[in-house]
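Below, read A as the first sequence line, B as the second, and so on, with proteins coming before strands; counting in each chain starts at 1.
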Protein chains: 2
Amino acid sequence: MRVDILTKSENREVQKEIISKLRDLINYKNLEPGDKLPSERMLSEKFGVSRSNVREVIQKLEFFGILKSRPQSGTFIADIGQIAMSGMMDDILRLEDPDFKSLVETRILLELKTVRLAALRRTDEDLTKMRQALDAYKEKVLNGQKAVEEDLLFHLAIAQASKNSTMNTFMLIITPEIITNFEKYHVCDANLSFQGIQEHEDIYEAIKDQDPKMAKEKMKAHFKILYQYCYNI
Amino acid sequence: MRVDILTKSENREVQKEIISKLRDLINYKNLEPGDKLPSERMLSEKFGVSRSNVREVIQKLEFFGILKSRPQSGTFIADIGQIAMSGMMDDILRLEDPDFKSLVETRILLELKTVRLAALRRTDEDLTKMRQALDAYKEKVLNGQKAVEEDLLFHLAIAQASKNSTMNTFMLIITPEIITNFEKYHVCDANLSFQGIQEHEDIYEAIKDQDPKMAKEKMKAHFKILYQYCYNI
DNA sequence: CAAACCAATCTGGTTAACCAATTTTATTTG
DNA sequence: CAAATAAAATTGGTTAACCAGATTGGTTTG
């Protein structure tokens with residue numbers, strides 16, 4: 001178990017080193033947007049790491065949108081300039097694992113927006129999905145069971161109804177970590193209350209009525225306890 | 001070029017199919033959080049795909065936090081229940097590529113928050129970094145050159161000063177796509193104006209003075225043009 | 001009979017050889 | 001000499017064999 005964590009962090013260190021070396025290489029060679037990177041083989045040899053390590057890093061930077069690899073052709077620098085490139089790589093290297101506060105802070109920010117957008121843009125289909133999620137949540141709570149997951153799925157349904165794919169993606173990214181931390185810090189216990197049901201119903205109604213202001217208001221009320229929890233940990 | 005896009009989207013289709021099959025398998029086998037998935041070899045055989053494809057998907061789901069693979073041991077379902085698991089996989093399957101509007105909408109939301117947090121939490125070091133980014137931006141604009149990248153790096157410096165690692169990460173994720181789209185839709189042309197310099201200076205001053213309200217105000221003013229651009233495209 | 005031990009097996013990770021498509025270079029041809 | 005063609009080298013992607021550590025089941029031992 002201990003070793004596992006070690007190897008993982010070791011691997012991460014390796015990745016960071018590769019990114020750093022890659023940045024230096026790009027700066028040194030004055031590569032510009034659209035230019036081709038040296039081949040994976042070349043890089044793995046030059047950096048003294050395995051080709052799969054290089055591939056992992058390239059995939060990661062491709063996810064961040066600053067590289068673009070084309071089969072049988074090469075890996076290219078995306079259409080952002082050298083300055084942005086170098087600056088972003090620095091930032092990526094400096095990225096830390098998200099702490100719980102940062103997660104909740106971001107979640108609240110996102111949800112106060114998605115709920116407004118959902119009220120404005122929701123279709124009938126969205127409404128059905130939210131209703132289903134809400135009912136599943138209700139049933140669990142009324143049976144005295146934990147319902148953290150059903151809770152979150154309701155909120156994800158809202159994000160989906162917001163029709164903003166970026167926020168939807170971001171909600172998906174933070175949700176599992178939210179769930180894990182909720183259970184770790186026993187935030188879920190507070191979720192057993194019947195009050196939660198009414199709050200969810202209120203939010204649902206506001207979205208159904210296409211009332212963005214009310215929707216945001218109700219979501220704010222729903223987050224009130226979370227606020228306190230978050231800032232006491 | 002055409003083929004490249006095709007193979008990429010084909011690959012994406014393969015990935016989606018694997019995720020879908022994996023979800024069905026988990027549901028069918030009633031796997032719960034903490035349970036071990038069948039080995040990569042087994043899955044690749046069962047699904048009729050290559051092991052590297054399986055590994056790609058696992059990495060992706062690991063990024064979304066719903067799987068966790070441990071070396072020499074196996075891949076495990078994260079500490080989220082089956083319901084959240086299945087629901088999230090559905091959502092991931094349904095994820096679309098972000099459109100420009102969605103990107104700008106999210107950026108504005110994030111930045112109106114990070115600028116407030118930066119005003120509250122910035123250190124002197126943060127201030128120095130922002131100053132450097134601002135000066136680099138100024139120089140380019142005063143020389144009549146495009147400065148989209150320097151612009152964004154200033155905003156990234158703010159995100160970093162916000163001390164919220166989640167928002168910082170999200171800003172990093174959307175930045176390259178923002179840059180690309182800015183150049184595509186010639187939003188950058190509007191950035192040549194000297195007005196931008198003053199607006200940046202105002203934001204910087206507000207953060208320096210640790211005045212969150214003013215900082216948000218100035219950021220809002222800075223985004224005014226962007227708002228219009230965004231909703232006219 | 002339970003606890004300690006050990007070897008066979010299984011795991012994700014790594015490596016190296018291979019593939020098909022592309023790109024470059026050399027050759028041919030008008 | 002330039003354009004067309006063909007062959008060689010290079011590319012990211014794929015595959016299969018291999019590795020070291022973890023797990024497991026049976027065996028031994030007190």
Look at the side-chain N and O atoms of A/Ser73 and state whether any lies under 4.0 Å from the OP1 or OP2 oxygen of D/dG12. no

Report the residue (A/Lys36 or B/Pro38) whose heavy-atom-nearest nucleotide on DNA chain C is the more 5′ of the two. B/Pro38

Value in whole Å for how far the [atom2] atom of [N] lies from [atom1] of [X]:
{"X": "A/Asp35", "N": "C/dT23", "atom1": "CG", "atom2": "P", "answer": "15 Å"}
{"X": "A/Glu45", "N": "D/dG12", "atom1": "CD", "atom2": "P", "answer": "14 Å"}
{"X": "B/Glu40", "N": "D/dA17", "atom1": "CD", "atom2": "P", "answer": "17 Å"}
{"X": "A/Leu61", "N": "D/dG12", "atom1": "CG", "atom2": "C1'", "answer": "16 Å"}
{"X": "B/Met42", "N": "C/dC10", "atom1": "CE", "atom2": "P", "answer": "9 Å"}
{"X": "B/Arg41", "N": "C/dT11", "atom1": "CZ", "atom2": "C1'", "answer": "7 Å"}
{"X": "A/Lys68", "N": "D/dG13", "atom1": "NZ", "atom2": "P", "answer": "11 Å"}
{"X": "A/Gln59", "N": "C/dG13", "atom1": "CD", "atom2": "C1'", "answer": "15 Å"}

Going by number, which of residues 48-57 of chain B have a non-hydrogen atom under 4.0 Å from DNA chain C? B/Arg51, B/Arg55

Ring centre gap for B/Tyr137 and B/Phe154 strictly below 6.0 Å: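 They do not qualify: ring centres at least 6.0 Å apart.
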
Plane angle bin for B/His155 and B/Phe223 - parallel if under 30°, tilted between 30 and 60°, otherwise perpendicular: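 Parallel.
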
For the residue pair A/Phe100 and A/Tyr185, categorise the inter-ring angle as parallel (less than 30°), tilted (30 to 60°) or perpendicular (more than 60°).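 Because their plane-to-plane angle is under 30°, the rings of A/Phe100 and A/Tyr185 count as parallel.
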
Look at the side chain of B/Gln72 against the base of D/dG21 and say whether a donor-acceptor pair falls under 3.5 Å; ignore hydrogens and angles. no

Between the main-chain N or O of A/Glu177 and the side-chain N or O of A/Asn181, is there a donor-acceptor pair closer than 3.5 Å? yes

Checking side-chain hydrogen bond (donor to acceptor under 3.5 Å, both in side chains) against B/Asp135, which of B/Arg131, B/Lys138, B/Gln132 comes through? B/Arg131

With respect to B/Lys163, which candidate in B/Asn168, B/Thr114, B/Asp126 satisfies the side-chain hydrogen bond (donor to acceptor under 3.5 Å, both in side chains) definition?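 So, applying the side-chain hydrogen bond (donor to acceptor under 3.5 Å, both in side chains) to B/Lys163 and each of B/Asn168, B/Thr114, B/Asp126, only B/Asp126 qualifies.
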
B/Thr75 side-chain proximity, nearest of C/dT11, D/dG13, C/dG12: C/dG12

If you measure from the Lys or Arg side-chain nitrogens to the Asp or Glu carboxylate oxygens, is any gap between A/Lys101 and A/Glu105 under 4.0 Å?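 Looking at A/Glu105 together with A/Lys101, the answer is no, because their closest N to O distance does not fall below 4.0 Å.
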
